> 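Pasting a structure below so you can have a look.
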2 protein chains.
Amino acid sequence: MGTASRAMNEAPGVMEQTREAVQRAARELGYQPNAAARALRSRSSRLIGCLFSDLENPLYTRLFNSLQDRLADEGFVTLITASAGKLDREKQAISIFAERGMDAIVIAPGHQQDPEIVQLLEKFPAPIFVLDRDIPIQADRLVFDHFAAMDLAVGHLAKLGHRSILPVFSHQNTRPGLMRHAAFDAAMRGAGLTPGARVEPETPNTPVFREVQAALSCDDRPTAMIVQGTHVLPSTLNALANLRLRVPEDISLIAVGDSALAEEHVPPITALRLDRSALVEEITARVLARIRGQATEVSEKVLGYQLMERASCRRSIA
Amino acid sequence: MGTASRAMNEAPGVMEQTREAVQRAARELGYQPNAAARALRSRSSRLIGCLFSDLENPLYTRLFNSLQDRLADEGFVTLITASAGKLDREKQAISIFAERGMDAIVIAPGHQQDPEIVQLLEKFPAPIFVLDRDIPIQADRLVFDHFAAMDLAVGHLAKLGHRSILPVFSHQNTRPGLMRHAAFDAAMRGAGLTPGARVEPETPNTPVFREVQAALSCDDRPTAMIVQGTHVLPSTLNALANLRLRVPEDISLIAVGDSALAEEHVPPITALRLDRSALVEEITARVLARIRGQATEVSEKVLGYQLMERASCRRSIA
DNA sequence: TTGAAAGCGCTAACAA
DNA sequence: TTGTTAGCGCTTTCAA
């Protein structure tokens, strides 16, 4: 009956008294609405798909947790796929999202220019939200300000007197990887410093023990490092421990991307952090507006990093 | 039309020629089946829910990845929720799984005896697969052999001459936490050794820097450690580095649960590993059998750990 | 404000 | 082997 449906969905045009009666009856009978029937009739699955390149990246793990919570409040179920950067898994995930009738998707794939991915996204039947990727499609987008972030980190170290800073970021073929090296170089020049050696792991999960050890074993080794906050960070700490280099006495350290590891390390590690709740709110607001047809123009926002100053940096002794 | 449906679903009773014609036409028209309609009519969502206590645990991250892949091959979409051990999130997740008509769920919640959880599971409308939890319900189950695992680890260290071994496991209120301490004690006695000090973090993600440092700062410190392979492991490595204790020269180390960190650490860390593909196959086989109504009795299996001997253990000097 | 009726897009049962 | 028909459980539309 129509009234029952309206009562259960808090729709207008039902007498308060009727609504309560319906809801009480539903409770007593243990009524469970059938999601498939609702989706079929209303043409809305109330499902939102997420495609992240890497679930081991603390940013994505934390983000997914918050986003799932937030969207659950709005009655949506969040579905996640981690592609481990594999192209075919990303294509498969997008296809599945299309088949299963996601109401929207949030994506940060490992391949941002692949023509097949782009084509799948172009004809994707629901709104798309892109997270810090330069994918050539019309879609709502939130990008991170990697240039400002590097200014913050390099500036902080320069102010402490560091002149030789070792960056350790992967050169993955997506926006963050592509921008960070350029941003680092620009920030160094901006601080009147000259970029020197660098370590560039293939992926954010590639071990960097050897490379970091090599870079720090020369005569005038860098006095500070800026290190990606993924697997690269434990791997770097491993190398520092083996070299008997203490943080911050012997070398200063900044992590790009905050994590439990950085926060709880002894000493705590200074980190570039994204405001996760702002991130989640922006995604949620945009996605819901799109789903409800309230959004008009494509939205492009930039989110800055904050520098969480902790105990891993100190004045350079050099 | 029935024939079209049968052709698309590879159902029997369709002429090969017809099937091909239908499939070609579907391809040319870009036909996308409607998942909601299919779910409504066939009473099967082809959705499988997973509830894990902690997505930051490398076991669950890796397991979810493999399981998602494997179930995708069978045409199922896997939905994951990480509760961070929070009771209300676990209850909410189970309710959502019920509302959304999961065809089955795979669970390893952080609360295994909570009456509300048990009640929700008792009246859950689909098959349940329980992973290493002692939940008092009738359900297919796979548990890990924590006693054999500790025998392996303690035995290995005892054979190397270690007599004082420091265990670092959380005493979380679920099966693994509950069993590991008892298993460790039993293994020690079995090896003719006496259990001594131990570190018991609240959760697998609680930092243990202070506690480990304290335990290793006494006069005759343990010569070996067995450490949970979650956040406890980086936290322990942090403490060892600060104490200038080298692995394995000064102290031997075994991780309970394998991870990228253990494998890629220098030196690589000996670890108790679960055979993940066996794990995934057991879950997949059981869950599919249940969904297809082929399973009869409740299945209970035990999965052993293997000791991956790497470079982090050596003969005790004491 | 409520009830009645139609129909979302499939698949299962049945008839041809 | 194929076509026809009914109906899954909701929401939406329309009429009362």
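Keep in mind it's a predicted model, so treat the numbers as computed, not measured. Per chain, numbering begins at 1; letters A, B, ... match sequence-line order.
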> Take atom CG of Leu29(B) and atom P of dG9(C), then tell me their distance rounded to the nearest Å.
15 Å
> Would a 4.5 Å heavy-atom cut-off, applied to side chains only, mark Pro33(A) and Met8(A) as touching?
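The answer is no; the side chains never approach within 4.5 Å.
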> By a strict heavy-atom criterion of less than 4.0 Å, which residues belonging to residues 12-28 of chain B are in contact with DNA chain D?
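Contacting residues: Gly13(B), Val14(B), Met15(B), Thr18(B).
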> Without hydrogens or angle criteria, can the side chains of Asn65(A) and Arg276(A) be said to hold a donor-acceptor pair below 3.5 Å?
no
> Report the distance from atom CZ of Arg6(B) to atom P of dT11(C), rounded to the nearest whole Å.
11 Å
> Would you say that His111(B) contacts Asn173(B) through its side chain, given a criterion of any heavy-atom pair below 4.5 Å between the two side chains?
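When only atoms from C-beta onward are counted, Asn173(B) and His111(B) do not touch, as no gap falls below 4.5 Å.
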> To the nearest Å, give me how far apart CE (Met8(A)) and P (dT12(D)) are.
15 Å
> So, does Thr3(A) get its side chain near the phosphate of dT2(C), meaning an N or O under 4.0 Å from OP1 or OP2?
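Result: no.
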> Between Glu10(A) and Gln23(A), is any side-chain donor less than 3.5 angstrom from a side-chain acceptor?
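Present: a donor and an acceptor within the cut-off.
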> If the condition is side chain to side chain contact (heavy atoms under 4.5 Å, CB included), which residues does Leu274(B) pass it with, not counting sequence neighbours?
Leu59(B), Phe144(B), Leu303(B), Tyr305(B)
> Tabulate below the donor-acceptor pairs under 3.5 Å that side-chain atoms of residues 134-141 of chain B make, not counting sequence neighbours, or state none.
from: Asp140(B); atom 1: OD1; to: Arg290(B); atom 2: NH2; distance (Å): 3.1
from: Asp140(B); atom 1: OD1; to: Ser299(B); atom 2: N; distance (Å): 2.8
from: Asp140(B); atom 1: OD2; to: Arg290(B); atom 2: NE; distance (Å): 2.7
from: Arg141(B); atom 1: NH1; to: Arg133(B); atom 2: O; distance (Å): 3.1
from: Arg141(B); atom 1: NH1; to: Ile135(B); atom 2: O; distance (Å): 3.2
from: Arg141(B); atom 1: NH2; to: Ile135(B); atom 2: O; distance (Å): 3.2
from: Arg141(B); atom 1: NH2; to: Ile137(B); atom 2: O; distance (Å): 2.8

> Can you check side-chain contact (heavy atoms from CB on, under 4.5 Å) on Leu288(A) and Phe76(A), steps first, answer last?
CA-CA 10 Å; Leu288(A) 292 181; Phe76(A) 289 85; 3.5 Å; yes
> What is the distance, rounded to the nearest whole Å, between atom CD of Glu99(A) and atom C1' of dC10(C)?
15 Å
> Only counting residues at least two apart or in another chain, list the ones meeting side-chain hydrogen bond (donor to acceptor under 3.5 Å, both in side chains) with Arg70(B).
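Result, side-chain hydrogen bond (donor to acceptor under 3.5 Å, both in side chains) vs Arg70(B): Glu74(B), Glu281(B).
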> Under a 4.0 Å heavy-atom cut-off, which of residues 32-48 of chain B touch DNA chain D?
Leu40(B), Arg41(B), Arg43(B)
> Using a cut-off of strictly less than 4.0 Å between a heavy atom of the residue and any atom of DNA chain D, enumerate the qualifying residues of residues 71-78 of chain B by number.
none
> Whole angstrom is fine here: how far is it from CG in Asn9(B) over to P in dC10(C)?
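Interatomic distance, CG of Asn9(B) to P of dC10(C): 10 Å.
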> Could you tell me whether Gln17(B) atom CD has more than 12 heavy atoms of other residues or ligands within 6.0 Å of it?
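Counting other residues, nucleotides and ligands, CD of Gln17(B) stays at 12 neighbours or fewer.
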> Is there a side-chain contact between Ser83(B) and Leu51(B), using heavy atoms and a 4.5 Å cut-off?
yes
> Under 3.5 Å, is there a donor on one side chain and an acceptor on the other for Thr230(B) and Asn57(B)?
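Thr230(B) vs Asn57(B): no donor-acceptor pair found between side chains.
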